[in-house]
Amino acid sequence: MADTTAGRIFDIFLLLFILGSVIVVMMESVQRLQAQYGDVFNVFEWTFTGLFTLEYLLRIWCSPQPKKYIFSFYGIIDLLCIIPSYIEFLVGGGHFLISIRILRLLRIFRIFKLVPFLHESRFLIIALQRSRRKIAVFFFFIMLMTVVLGSIMYVIESGHNSGFTSIPVSIYWAVVTLTTVGYGDIAPITPIGQAFSAVIMIMGYAIIAVPTGIVTVEMNRLRTSTDVSIRECHNCGRNIADEDAIFCKYCGSHL
């Protein structure tokens, strides 16, 4: 629809409705506003829900391949945006999940012809796919490291610090420290423990850079490679990096 002027106007108004519905949910979470304008918020919410439900049904009706739209990325997002209201009406507890509607703003890439920017994101996706094994090994190594570091800190602090009550708690402290988050709810008090924690914090800065470096190397390889032409399969939407490919290696469709 966004390929025509009328379609773009419709989608722009739709984005405004999406923003409005999200703002209503956010304001409704403020108790003072909820107590004062609860009925107004409820009217707005069901108005937005009715419009989005009608829009979703119309998209299915107008689509040349309704099943393909229903199971597409945007089709699933559209459905998820209207389900919470009905869950809240039937069983309760799903009201504030309505804020998931903000995901529909992803349509802005299609509406304002920003699709070329998505081409750059494909390089990142392919780089992540190619480096997934290295990243998996890295995270496995980090898990082992946190267990070892947490256990060592438990041995150092357990007899002097009431915060390190068990090895799992100490592992939690190691994760927080290694990632440089530093909540401060548990802290070593012995000189050896403080020195050891300083080493862990310094290690954290180096470790954070590792996955970034792995992905960056893969992206540079994609950039400098002359035989990589990224295309998207029109049938399954997967990225194909083989320049001489005639058929999609995932679904077999002609490219």
Side-chain angles (χ1 to χ4, degrees), residues 26 29 73 76-77 80 83-84 87 91 93-103 105-106 118 120-225 228 230 236-241 249-250:
M26 292 170 59
S29 66
F73 173 77
I76 294 173
I77 292 297
L80 289 176
I83 285 180
I87 293 177
V91 298
H95 182 62
F96 292 105
L97 292 176
I98 296 171
S99 58
I100 198 175
R101 284 177 181 161
I102 199 72
L103 291 176
L105 291 177
L106 291 172
L118 294 178
E120 298 298 323
S121 68
R122 294 174 186 169
F123 283 99
L124 178 59
I125 294 173
I126 293 177
L128 289 172
Q129 291 175 344
R130 291 186 176 184
S131 57
R132 63 183 181 275
R133 292 185 179 179
K134 297 177 184 177
I135 294 177
V137 171
F138 167 76
F139 278 114
F140 179 72
F141 173 75
I142 292 300
M143 290 175 61
L144 293 178
M145 180 179 290
T146 54
V147 172
V148 173
L149 295 177
S151 301
I152 294 174
M153 183 57 75
Y154 173 75
V155 173
I156 296 174
E157 292 285 323
S158 60
H160 310 278
N161 192 333
S162 60
F164 292 86
T165 57
S166 64
I167 291 180
V169 172
S170 301
I171 293 174
Y172 156 77
W173 171 87
V175 172
V176 171
T177 304
L178 198 62
T179 55
T180 69
V181 176
Y183 291 126
D185 52 345
I186 305 174
I189 59 175
T190 64
I192 298 177
Q194 291 173 346
F196 187 62
S197 65
V199 173
I200 295 176
M201 285 184 277
I202 294 173
M203 290 172 54
Y205 285 105
I207 290 173
I208 290 174
V210 172
T212 305
I214 292 173
V215 177
T216 301
V217 169
E218 292 295 337
M219 291 188 69
N220 286 334
R221 288 177 181 175
L222 287 173
R223 292 289 187 184
T224 57
S225 177
V228 174
I230 301 174
C236 66
R238 302 288 290 272
N239 293 317
I240 309 299
K249 63 180 180 180
Y250 299 105

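Just so it is clear, the model here is predicted, and its values are computed rather than measured.
Shown here for T146 and I171, the closest heavy-atom pair between the two residues is O-CG1, 4.0 Å. Taking both residues in full, the closest heavy atoms of V176 and T179 are given as O-OG1, 3.2 Å, listed atom of the first, atom of the second, then distance. When every heavy atom of G150 is checked against every heavy atom of A174, the shortest pair comes out as N-CB, 3.9 Å.
Using a 4.5 Å heavy-atom cutoff, the side chains of T177 and M153 are not in contact. Annotation: side chain of F139 is not in contact with side chain of L144 (no heavy-atom distance under 4.5 Å). Within the 4.5 Å cutoff, the side chain of Y154 has no heavy atoms near those of the V169 side chain.
Applying the side chain to side chain donor-acceptor pair (under 3.5 Å) test to S170 and every residue at least two apart in sequence or in another chain returns nothing.
Rounded to the nearest 0.5 angstrom, I152 CD1 and I167 CD1 are separated by 11.0 Å. Rounding to the nearest 0.5 Å places CG of L178 at 12.0 Å from CD1 of I202. We find the CE-CG distance between M203 and L149 to be 5.5 Å, quoted to the nearest 0.5 Å. Distance CZ/F138 to CE/M145: 8.5 Å, rounded to 0.5 Å.
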Throw together a table of side-chain donor-acceptor distances under 3.5 angstrom for residues 184-197, partners on residues two or more places apart or in other chains.
residue : atom : partner : partner atom : Å
D185    : OD2  : Y172    : OH           : 2.8
T190    : OG1  : E157    : OE2          : 2.4
T190    : OG1  : G193    : N            : 3.1
S197    : OG   : G193    : O            : 3.3
S197    : OG   : Q194    : O            : 2.7

